[in-house]
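What you see below is based on every heavy atom in this structure, not just the backbone, and it leaves out hydrogens, waters and symmetry mates. What you are looking at is a predicted structure, and each value in this text was computed from that prediction instead of being measured. Order of the sequence lines sets the chain letters (A, B, ...), proteins ahead of strands, with each chain counted from 1.
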Amino acid sequence: DIQMTQSPASLSASLGETVTIECLASEDIYDILAWYQQKPGKSPQLLIYDASSLHTGVPSRFSGSGSGTQYSLKINSLQPEDFASYYCQNGLSAPLTFGSGTKLEIK
Amino acid sequence: QVTLKESGPGILQPSQTLSLTCSFSGFSLSTYGMCVGWIRQSSGKGLEWLANIWWNDDKYYNPSLKNRLTISKDTSNNQAFLKITNMDTADTATYYCARRAGSWDYFDYWGQGVMVTVSS
């Protein structure tokens, strides 16, 4: 199985700040990686796929990058609605696996 | 508009079989390339992919639970199903169904989730 190691587990930031979340795959996943946002009591929502492609309707302040085993999600100019949990996901091979999540909180 | 909604028993006892239904609209599981998956989320294990079923009835399971899982579909009624046998307290979780996004195994639309508690 491909293990997805996400960091940090939690992050505190202020409105308007820029933050970066990292995801490390246990083997090369050839950019077949997704990022999801999840708010309390809600289902995950797809933000980014193929490591850097923005899903329909997702604000441009979200961006993804990386290759091989190392990937990151960057959020520019944090807005109130961005404070949530974020997960990466291996989409390359079964079993599909998720990172353990990063909880982004308001400072 | 794509929507999915899960339904299930809410609570069941250890060793019982869980039966979940995913009712969806806005797409058809008889369309070439379509796929629906089941994912669960517990406080202990985070997000865990369980199974996918494809338009052509191909099925893929998480090997860690494979012997306990059965995924199926009813194309005419726009439903997908998941059965998990021999439920344990460790299977307590919110269960989601979701539509596969496209070229790779991502999920672009998710149901609201159904909470399942296993307790004696």
### Message
Is the distance from the ring center of A:F62 to that of A:W35 below 6.0 Å?
### Response
no
### Contact leader toward chain B among A:G91, A:S93, A:G99, A:P44, where contacts are heavy-atom pairs under 4.5 Å
A:P44
### Message
Counting heavy-atom pairs under 4.5 Å with chain B, which one of A:N90, A:L33, A:D1 comes out on top?
### Response
A:L33
### Task
Counting only heavy atoms closer than 4.5 Å, note whether A:Y49 contacts chain B via side chain, backbone, both or neither.
both
### Task
Please state whether the rings of B:Y60 and B:W54 are parallel, tilted or perpendicular, taking 30° and 60° as the class boundaries.
perpendicular
### Query
So B:W110 and A:F98, would you call those rings parallel, tilted or perpendicular, with 30° and 60° as cut-offs?
perpendicular
### Query
Between B:Y106 and B:R100, is there a cation-pi geometry (under 6.0 Å to ring centre, at most 45° from the normal)?
no
### Region of B:L50 in contact with chain A, defined by heavy-atom distances below 4.5 Å
neither
